[in-house]
Amino acid sequence: MNNLLIMPVIIPLIVGMVLIIFPKNIILQRALSLFAIAASGLITLNIMNQILDDGIQTLQLGGWEAPFGISFVGDMFSVLLVLTTCIVAFCCLIYAFRSIGEKNEKLYFYPLFLFLIVGVNGSFLTGDLFNLYVFFEVFLLASYVLISLGGGKKQLRESLKYVFTNIVSSAFFLFGVAYLYSITGTLNLAHLSSRIAEAGQDGLITTVALLFLIVFSLKAGLLLFFWLPGSYSVPPTAIAAIFAALLTKVGIYAIFRMFTLIFYHEPQVTHLIIGILAAVTMILGALGAAGFMDVRKILTYNVIISVGFIVAGLVSMTEAGLMGSIYYLIHDMIIKALVFLIGGTIILLTGTSNLREISGLIRRHPALGWMFFIGALSMVGIPPLSGFLGKVFITQGTFEIGYFWLGGIGLLASLFILFSMIKLFMNAFWGETILTEEEEKGSTKGLIFPIALLLIFSLALGLGAEGIQVYVAEAAEQLLNPSLYIDAVLK
Amino acid sequence: MNSFYIILFLPFLFAIIVPFLFKYINKRIHTGWFVLFVPLTIFLYLLQYIPIVAKGDTREYILPWIPSLNINITTYIDGLGLLFGLLISGVGTLVILYSIYYLSKEREELHNFYIYLLMFMGAMLGLVFSDHILILYGFWELTSISSFLLIGYWFERKNSRYGALKSLLITVFGGLAMLAGFIMLILMAETYSIREMIANVGEITNHSLFITALVLVLLGAFTKSAQFPFSIWLPDAMEAPTPVSAYLHSATMVKAGIYLVARLTPIFAGSASWFWLVAGVGIVTLFYGSFNAIRQTDLKALLAFSTISQLGLVMSLLGIGSLAVYFGQSENGILFSAATFAAIFHLFNHSTFKGSLFMVVGIVDHETGTRDIRRLGGLMHVMPITFTIAVIGAFSMAGLPPFNGFLSKEMFFAGVNDVANAGVFGLEQFGLLFPIIAWVASVFTFVYCMILVFKTFTGKFRPEKLTRKVHEAPFGMLVSPIILGLIVVLVFFFPNVLGEYILIPALAAVLPMMQINASDFHISAWHGVNLELWMTIGVVVVGILLYKTLKGWVKLFNNYPYRLTLNHFYDQSLAGTEQFSQNVTNRYMTGSLRQYLVYIFAFFVLLLMGSFITLYGFQFDFSKFAPIELFDIAIVIGIVLAAFVVLFTSHRITAIVTLGAIGYFVSMFFVLFQAPDLGLTQFVVETVTTVLFLLCFYHLPKLKKNIGKISFKLTNLIISLAMGATVTILALAAFGHKVFEPISYFFEKSYELAGAKNIVNAILVDFRGFDTMLEISVLAIAGLGVYVLIRQGSRRREQSNETK
Amino acid sequence: MKPNDVILQSVTKVAVVIIFTFSVYLFMNGHHNPGGGFIGGLSTAAAIVLLYLAFDIEKVRENIRIDFKKLTAIGVLLAVCTGLGGVVFGKEFLTQAFGYFELPVFGETELTSALIFDTGVALAVIGTAVNIILSISEDR
Amino acid sequence: MNGITEIITAIFILIGSVISLLAAVGLVRLPDVYTRSHAASKSSTLGVLCVLTGTLLFFLMSDGYFSIRLILGIFFVFLTAPVAAHVICRAAYRNNAPVADTMVEDELKEYYELHPDYKKKSVVVEETTVQVED
Amino acid sequence: MFKTVLFISLCLLALTILLNLYRVVKGPTSADRIQALDSVGINLIASIGIFSVLFHTRAFFDLMLLIGILSFIGTIAFARFIERSVVIERDN
Amino acid sequence: MEFVIAIVIGILVTIGTYLLLSRQLLRIVLGSSLISHSVNLLIITSGGLKTGNAPLLGEGKVGFTDALPQALILTAIVINFAVTAFVLVLSYRSFKVNGTDDMEKLRGNEYE
């Protein structure tokens with residue numbers, strides 16, 4: 001039992017609800033929401049070290065022994081993600097202070113933001129299939145509202161597509177829950193794992209596994225990412241950044257959880273399919289990123305590439321591959337928030353996202369430009385920046401099991417990442433400076449700090465990889481040994 | 001931390017303080033003077049290793065980075081690394097000295113320039129001293145990036161940006177291929193250390209991935225060293241300031257590929273593919289570069305192509321030298337080690353003469369304002385010192401005595417002649433190609449060297465074509481090229497000092513399996529009248545002839561269609577990729593929700609039915625199913641009927657009424673299935689939902705008839721039928737495939753455990769109370785969302801009213 | 001121009017009382033019989049909706065002066081805080097307690113913390129349902 | 001005892017069902033909204049009354065359980081069914097729902113002719129379907 | 001015997017519901033549909049009553065009352081809508 | 001019985017899918033409602049049908065039907081209600097702002 005596990009979910013929830021009661025007091029809203037995120041982060045840090053010392057932490061909610069109640073399970077993988085979520089949320093929140101506008105602040109932006117975090121953190125921590133669905137719905141509903149925050153034409157249009165796609169995927173999720181419950185009679189992930197291990201993963205269970213793959217692919221943007229480019233390019237910057245950092249990652253997390261803990265018996269079927277999906281995703285994402293001259297489009301398609309890349313690590317199911325995925329996942333959450341914030345700032349300054357109309361920003365905004373450049377290099381995986389280890393290990397993982405095509409596509413995709421990001425950099429920051437100070441549509445005042453903070457985290461992740469390595473190795477180890485998870489939950 | 005690491009990281013550390021120097025001190029003192037201290041220190045520091053290395057010793061240091069993953073900055077100082085280290089720091093010193101005069105402290109953003117340059121220097125040093133293969137890769141990419149930044153230094157210029165992107169894309173592409181190769185190497189040797197790989201070379205050569213890894217690694221080396229066909233980035237890289245060209249694109253960065261090939265020779269050499277790839281690509285590049293150099297009118301472009309060609313020369317020598325590994329410790333082995341030795345020697349020589357030539361061109365550019373040969377001429381009298389240096393550099397490049405180029409060129413001819421007689425790897429048939437191509441390329445080399453010197457410095461001086469008043473460069477600018485020119489001459493006269501202390505240890509590092517006997521590699525300017533000498537004489541004679549008749553035949557180049565050039569290919573493929581990507585993406589990302597859903601549903605059906613049929617087959621077990629009663633059928637008919645009405649009606653009240661009916665029937669099902677709580681909830685929710693629908697109808701338009709084309713409808717029909725079938729089939733299979741007892745038996749003790757007689761309620765508030773808690777949160781969020789959506793709308797309208 | 005709704009309004013008054021009573025009954029009874037926070041809450045909401053149907057928004061608002069968004073938030077907070085109660089006593093989050101007490105009027109009564117939880121649920125449901133319906137009908 | 005319970009219950013329930021069925025037949029066969037409304041509200045209310053009474057008696061006699069909820073249910077249906085029918089008919093009339101040919105007199109006509117505002121102009125009952133081609 | 005009678009009654013009610021449903025589907029006016037849906041609700045109450053006797057359970061009593069309440073609310077809402085196309089009225 | 005329910009689920013899914021694929025927003029919302037009904041039926045059937053009495057301990061019976069799916073459906077119903085409410089409002093807001101309820105006309109262009 002470890003009640004701390006619930007805190008990253010409960011604190012934002014309580015604070016969010018309290019903030020609903022006081023909608024007009026903006027100072028209070030800002031302070032409390034920042035506090036909630038920071039507190040969750042610190043608690044998560046604490047949990048992380050407990051896991052390192054004592055193994056996987058669990059909390060049986062309500063005191064009901066698993067599998068009958070709902071279990072909260074903090075293994076290293078999920079806790080790492082929770083911590084990263086808190087970091088990213090913290091920075092995006094600070095960015096939002098200056099950029100989101102008082103109108104939105106009074107229209108419950110902060111509570112909704114906190115609910116999003118509740119949902120994301122909860123999805124990472126829960127050890128129950130149906131509870132996962134509920135957490136998905138929590139963050140989905142929050143994201144529905146956040147996407148349409150502002151109520152513009154494009155926002156409403158894209159949020160409709162986003163919402164309907166997700167309604168379909170939620171229905172699929174429940175189909176899956178029903179099938180699985182019918183076959184196994186349980187909902188607890190650990191219990192599911194042990195039951196399926198006991199009975200063997202037959203064709204029907206594999207089919208259900210693939211159903212879950214579709215569900216989470218829809219969330220993760222793995223191949224079925226049609227909703228993603230539209231919905232990530234319409235909301236206000238801070239929201240787009242948090243979406244880019246978190247939403248797909250929840251889906252990725254779920255894929256990892258399902259296919260390392262429960263459906264790991266038929267890798268030559270399931271994992272191969274995942275690998276193919278990942279490869280196609282990377283190719284399509286790379287094409288999308290290369291093809292457009294639009295800040296937001298380039299960035300969103302980069303999100304898609306990274307989804308494919310991270311999942312490629314899972315395919316290998318080797319220690320190197322999983323470790324790489326975890327590194328890259330953490331890196332990607334931070335770096336995507338970073339580049340989205342910078343991209344949003346560019347749009348704020350110039351009033352357009354069309355790269356052909358932007359030029360020479362670096363003269364007046366050198367810090368922004370260089371931070372973007374470092375971010376871009378980090379995405380490509382240039383050592384010693386944060387993406388490097390992930391890239392190397394994922395590639396190594398795919399090579400180890402002989403999926404050279406997958407690793408190769410991954411590396412080629414990073415060339416496209418480079419191309420698209422440098423294209424963005426060269427068009428937006430280099431070239432003749434065409435905007436004077438007066439002509440700029442907004443100011444970067446107060447916006448640089450959160451971006452810099454994220455950059456520092458990213459750099460620390462890369463340069464100080466040794467510091468986090470123990471955690472990542474532990475996480476990979478736990479993913480590779482489902483028995484650790486099962487034992488911790490079911491005792 | 002060892003003092004060596006302080007030296008290694010000195011450039012990076014210093015780069016941090018450069019902006020401050022620039023900001024506060026630059027007004028009085030050129031920032032370059034401070035930066036100069038960095039390479040100088042490094043150079044002097046590295047000098048102390050010469051005696052150690054010359055004795056055959058090596059040094060290694062470890063700086064932990066991620067020790068638990070075995071990723072540490074392990075450095076290894078041997079002859080090869082030291083040679084490069086000295087070149088980097090030595091030429092670096094001279095280049096920075098030169099740049100102080102070349103770049104104005106008032107007009108340029110010097111801090112950026114020096115940061116990039118220092119970053120590059122640090123990366124290059126790290127590259128040549130790294131033993132850890134991933135660290136090596138890291139520094140490798142860092143050189144590409146700093147090169148990108150340096151080429152794009154004048155980022156307002158379109159050409160700069162173009163060249164920068166080109167170089168970055170090509171070198172990083174190579175870098176990524178190389179990374180793949182490295183990872184394969186790591187998997188094969190199970191170590192990150194290059195030395196350990198060399199020690200376990202047997203495991204690698206017998207591995208099935210050997211050839212793949214070899215090709216991939218070479219791809220990296222070739223792109224970096226601008227080998228054919230990846231050479232196209234180098235001419236465009238000349239957009240960088242001249243000191244940069246002198247440094248990166250002649251002396252150091254482009255040699256990284258050479259370094260890599262030399263470094264990995266012990267691992268890969270000895271195989272036919274290595275020989276043919278390295279030597280073949282090298283010799284082709286040699287020819288291609290020299291051939292193209294002739295037609296250039298821009299001095300820097302000419303030098304760029306000459307660099308390509310010279311790098312090809314070194315590369316081909318390394319390839320030839322790899323035969324030594326094949327032959328082992330034998331006479332042939334020693335013969336071919338000499339080729340490797342020549343490669344190292346020429347590499348050094350090239351750095352000196354090419355560095356000086358670039359600086360000369362820079363001076364010309366700086367003083368006259370142009371680099372176009374057609375506008376230049378007769379500068380000899382105005383700039384005598386510059387002219388002298390140019391002559392030294394160019395003649396050395398052309399392979400004439402008494403300059404160091406002559407020595408290595410002779411050794412090169414010896415090498416290609418030996419290859420013709422090697423008699424392995426299919427050289428029996430094609431061996432003769434090597435000397436022939438080499439000789440022809442040398443003729444071209446001779447010609448462009450002459451063009452370089454004589455078109456610029458002799459002939460008629462035409463000041464009217466120049467924008468500036470021309471005079472000799474300031475002394476400071478001349479110091480660096482003079483020093484390099486002196487080295488060029490000195491090495492010719494005392495080659496063996498260099499040979500003994502630096503080249504032979506380097507050779508030993510490249511070919512560790514060979515017994516290197518210093519006496520075998522004695523360099524002498526005069527080695528009798530032999531084939532090589534005759535070849536050189538031939539080169540000079542034919543070269544002079546060609547130069548004299550240049551005007552007559554150089555026009556032939558213009559007939560070569562641009563469409564067939566590699567550059568055109570690059571531009572086309574880049575534009576093509578963008579266009580293709582855009583087309584593909586726009587093709588499936590149509591923005592139509594229906595299409596997205598069609599994709600999703602189709603994927604759902606195909607994947608699940610595919611796996612269900614192939615993996616499970618149609619096994620259904622209906623034995624445990626409950627019996628069907630008449631009343632059930634009534635409800636079923638009701639639901640189906642109502643559902644069809646919802647589908648076909650074009651009357652929204654009807655749709656809602658029938659939807660409500662479906663809800664009522666479903667809740668009737670819940671009654672039949674003994675779920676009172678569900679029945680209650682379903683009923684209430686259905687009613688409230690109906691009210692909601694009605695409320696929204698005020699704002700929503702009426703239903704239209706189902707419109708659309710037949711094909712549209714047909715697709716929808718097929719997809720939806722398939723969806724329904726999939727869900728049903730899976731449901732039937734799953735319902736009949738109950739493997740385990742459900743866990744709900746536990747909840748039947750709810751009264752003892754939770755004090756509740758209603759099991760469902762006990763589950764909701766107690767056993768799974770957390771779900772419920774979140775579910776009301778979801779409700780709360782939805783309520784909030786509805787409120788926010790509507791408020792936004794009303795505010796929007798208020799605003800628009802105000803503006804009216 | 002409003003048509004008169006006398007019949008409807010007078011019946012509604014009676015019906016609403018019945019529904020309210022019934023809702024409370026459903027809510028209180030939920031632990032042992034079908035019902036509970038949700039259904040109780042939703043049927044209360046239904047009663048309020050009926051009021052809105054029969055009368056107009058303004059009239060109802062004069063009599064029920066509650067910000068339903070805040071009601072929702074309070075409901076959720078109540079539910080969460082019951083959960084935190086367990087934490088305070090060193091038990092797992094959401095641990096519910098129940099016991100049988102001798103109360104002066106009611107005799108032996110079962111008191112459970114789940115009831116507080118259920119109250120939270122009910123409040124949240126009422127708040128949300130009414131909030132949504134009100135928001136939509138106020139929009140034009 | 002048990003036998004009597006069952007017989008009484010069965011009779012009530014059977015009668016109730018038959019009345020309901022008759023009501024349904026009326027709902028299908030009668031010519032216009034108003035007459036159908038008459039059948040539906042009156043008869044089915046009676047039907048449900050019978051069935052619920054039967055149920056009530058069954059539990060009263062076999063378990064000795066007197067269900068207030070059932071009584072309340074019967075009461076509620078009785079309270080609301082006429083109102084619902086009234087509201088529907090009024091809505092129908094205001095929307096100019098067609099009247100059967102057999103109708104003799106429309107007493108409300110005059111009233112609504114006096115107060116034309118009461119009758120809706122835009123008719124929602126029969127929504128016109130708009131064909132939009134793309 | 002008892003069970004048989006109940007069963008017959010159930011079937012009669014099922015038939016009733018289907019007939020009502022026919023009216024729901026057929027219309028022709030919205031008022032007809034709503035009236036029929038209301039009828040369906042009431043008949044559902046009756047059939048649940050028979051079920052309670054059949055299963056001998058009190059679990060569904062609440063549901064019966066609730067259906068009564070809700071079908072009333074639903075009917076009112078529908079009627080409101082077709083009458084005035086606004087469900088909830090506002091003063092201004 | 002499971003067989004019949006499975007067929008009903010299939011029909012509901014088919015019609016729901018067909019409606020989801022249509023162009024008009026209201027139809028899409030109706031489709032999602034139908035699908036959610038099918039989901040609920042699927043879940044309750046996954047626990048087995050007619051296997052026991054209503055899960056109430058107060059009536060002194062033994063042998064209960066599986067209560068867990070019922071609890072799950074309750075949660076699902078409520079969540080679905082929340083989503084439907086939101087979607088409805090979103091739809092009509094979008095209709096008012098964008099001026100059309102035809103999803104095919106809401107594709108969106110590159111720059112607007």
Side-chain angles (χ1 to χ4, degrees), chain D residues 3 6-7 9-11 13-14 16-18 20-25 27-28 33 36-37 40-41 44-45 47-48 50-52 54-56 58-59 62-63 65 67 69-70 72-74 76-77 79-81 83-85 87-95 97-98 120 122 124-127, chain E residues 1-6 8-13 15-20 22-23 26-32 34-36 38-53 56 58 61-62 64-69 71-76 78-85:
Chain D
E6 289 189 349
I7 290 167
T9 313
I11 289 171
I13 286 179
L14 198 61
S17 318
V18 172
S20 293
L21 185 62
L22 290 176
V25 172
L27 196 64
V28 173
V33 184
R36 285 196 282 260
S37 164
S41 63
S44 56
T45 312
V48 81
C50 289
V51 173
L52 290 191
T55 314
L56 184 74
F58 176 77
F59 280 92
S62 65
D63 297 6
Y65 179 86
S67 173
R69 281 170 286 173
L70 279 184
L72 209 59
I74 296 166
F76 202 89
V77 171
L79 182 70
T80 58
V83 182
V87 174
I88 291 170
C89 287
R90 192 169 73 166
Y93 188 82
R94 286 208 185 162
N95 275 304
K120 265 181 60 168
S122 65
V124 193
V125 174
E126 277 319 298
E127 290 175 43
Chain E
M1 181 58 200
F2 180 53
K3 289 247 157 114
T4 321
V5 174
L6 290 185
I8 292 169
S9 311
L10 261 185
C11 292
L12 291 179
L13 276 178
L15 192 60
T16 313
I17 290 171
L18 287 183
L19 287 176
N20 284 339
Y22 165 78
R23 193 39 84 191
K26 187 82 196 315
T29 65
S30 299
D32 283 304
I34 296 158
Q35 181 73 63
D38 193 42
S39 262
V40 169
I42 288 176
N43 284 314
L44 284 180
I45 300 180
S47 39
I48 294 173
I50 302 178
F51 271 117
S52 299
V53 177
H56 202 151
R58 280 171 280 179
F61 285 7
D62 296 319
M64 286 189 252
L65 178 49
L66 202 70
I67 295 177
I69 292 170
S71 73
F72 174 61
I73 295 178
T75 310
I76 299 291
F78 274 120
R80 261 302 147 88
F81 184 77
I82 58 169
E83 187 178 346
R84 303 172 201 175
S85 70

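Only heavy atoms go into these numbers, but all of them, side chains included; no hydrogens, no water, no symmetry mates. Every chain is numbered from 1 and lettered A, B, ... according to where its sequence line falls, protein lines coming before strand lines.
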How are the rings of F61(E) and Y65(D) set to each other: parallel, tilted or perpendicular (split at 30° and 60°)? tilted
Could you tell me which residues satisfy salt bridge (Lys or Arg N to Asp or Glu O under 4.0 Å) with R23(E), sequence neighbours excluded, listed by chain and number? none
Within the structure provided, determine whether V51(D) and I50(E) are in side-chain contact (heavy-atom separation under 4.5 Å). yes
Most chain E-contacting option - heavy-atom pairs closer than 4.5 Å, from I88(D), I7(D), L52(D): I88(D)
Compare every heavy atom of A31(E) with every heavy atom of A92(D), then report the nearest pair and how far apart it is. CB-CB, 3.6 Å
Side chain proximity check, S20(D) to L12(E), heavy atoms < 4.5 angstrom: no
Chain E interface, residue from G73(D), S37(D), G54(D) that has the most non-hydrogen pairs under 4.5 Å: S37(D)
Residue from L65(E), V5(E), V53(E) scoring the most non-hydrogen pairs under 4.5 Å with chain D is V53(E)
R58(E) meets the salt bridge (Lys or Arg N to Asp or Glu O under 4.0 Å) criterion, sequence neighbours left out, with none
Most contacts with chain D, counted as non-hydrogen pairs under 4.5 angstrom, among I42(E), T75(E), L13(E): I42(E)
A side-chain contact here means heavy atoms from C-beta on lying under 4.5 Å apart; do F72(E) and L79(D) qualify? no
Max heavy-atom pair count under 4.5 Å with chain E, selected residue of L14(D), V77(D), V83(D): L14(D)
Interchain contact, I69(E) with chain D, by part (heavy-atom threshold 4.5 Å): both
Contact between L21(D) and L19(E) at the side-chain level, heavy atoms closer than 4.5 Å - yes or no? yes
Would you say R36(D) and D32(E) make side-chain contact, with heavy atoms under 4.5 Å? yes
Between chain E and each of G16(D), C50(D), A84(D), A24(D), count heavy-atom pairs under 4.5 Å; write down the option with the most. A24(D)
Side chain, backbone, both or neither of L6(E) within contact of chain D (heavy atoms, under 4.5 Å): side chain
Which bit of N20(E) is near chain D, if near means a heavy-atom gap under 4.5 Å: side chain, backbone, both or neither? both
Between I13(D) and chain E, with a heavy-atom cut-off of 4.5 Å, which part of the residue counts as in contact: side chain, backbone, both or neither? both
Top contributor to chain E contacts, counting heavy-atom pairs under 4.5 Å, from L22(D), D63(D), V25(D): D63(D)
